[in-house]
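See below for the structure under consideration.
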Amino acid sequence: QVQLVESGGGSVQAGGSLKLSCAASGSTYISYCMAWFRQAPGKVREGVAATDSDGSTNYADSVKGRFTIYKDNVKNTLYLQMNSVKPEDTAMYFCAADPRVPACWQRTKNQELKHWGQGTQVTVSS
């Protein structure tokens, strides 16, 4: 069983930066497809970024060029570096993982990942 715990959320002004962390335990997460999602009030949850077991990455168009997803294999932690944040980035952010590595980004867009964290809130003020 994989346990995922997010941290690093908070309040930040537009144009600022924030780094989210997702600590993974309980399995060999390095071989997993891992991703970040977000859900704003009144909106559907959306995939933000994903990374495969080989380190390749994919991003939603809305965050491309501003957010970076990466893993620290020693710390078993997934990160989301958020730069140039905008008020529309305000949401609850979740990390997720799935042992089925093929088609990781497609699985992310379809929200078909197996293991989920509890989320961390990000609020961007204008």
Distance in Å, Thr77 OG1 paired with Met34 CE, rounded so as to fall on 0.5 Å steps: 8.5 Å
Shortest non-hydrogen separation from Ser17 to Gln81 and the atoms involved: CB-NE2, 4.0 Å
Under 3.5 Å donor-acceptor, Ser84 side chain and Gly15 backbone: no
Inter-residue atom distance Cys104.SG - Asn58.CG, 0.5 Å rounding: 7.5 Å
Single-linkage hydrophobic cluster Tyr59~Val124, side-chain heavy atoms < 4.5 angstrom: yes
Backbone N/O of Asp54 and side chain of Asp52: donor-acceptor pair under 3.5 Å: no
Single hit among Val48, Val122, Ile69, Leu78 for side-chain contact (heavy atoms from CB on, under 4.5 Å) with Leu20: Val122
Heavy-atom pair of closest approach, residues Ala91 and Arg38: CB-CB, 3.8 Å
Ring centroid separation Phe37 to Trp116 under 6.0 Å: yes
Cluster overlap Leu4 with Met92, hydrophobic side-chain contacts below 4.5 Å: no
Salt bridge flag under 4.0 Å for residues Asp89 and Lys86: no
With Tyr79, the ring-ring contact (aromatic ring centres under 6.0 Å, His included) member among Phe67, Trp36, Tyr70, Tyr93: Tyr70
Main-chain N/O of Gly47 paired with Gln111 side-chain donor or acceptor, under 3.5 Å: no
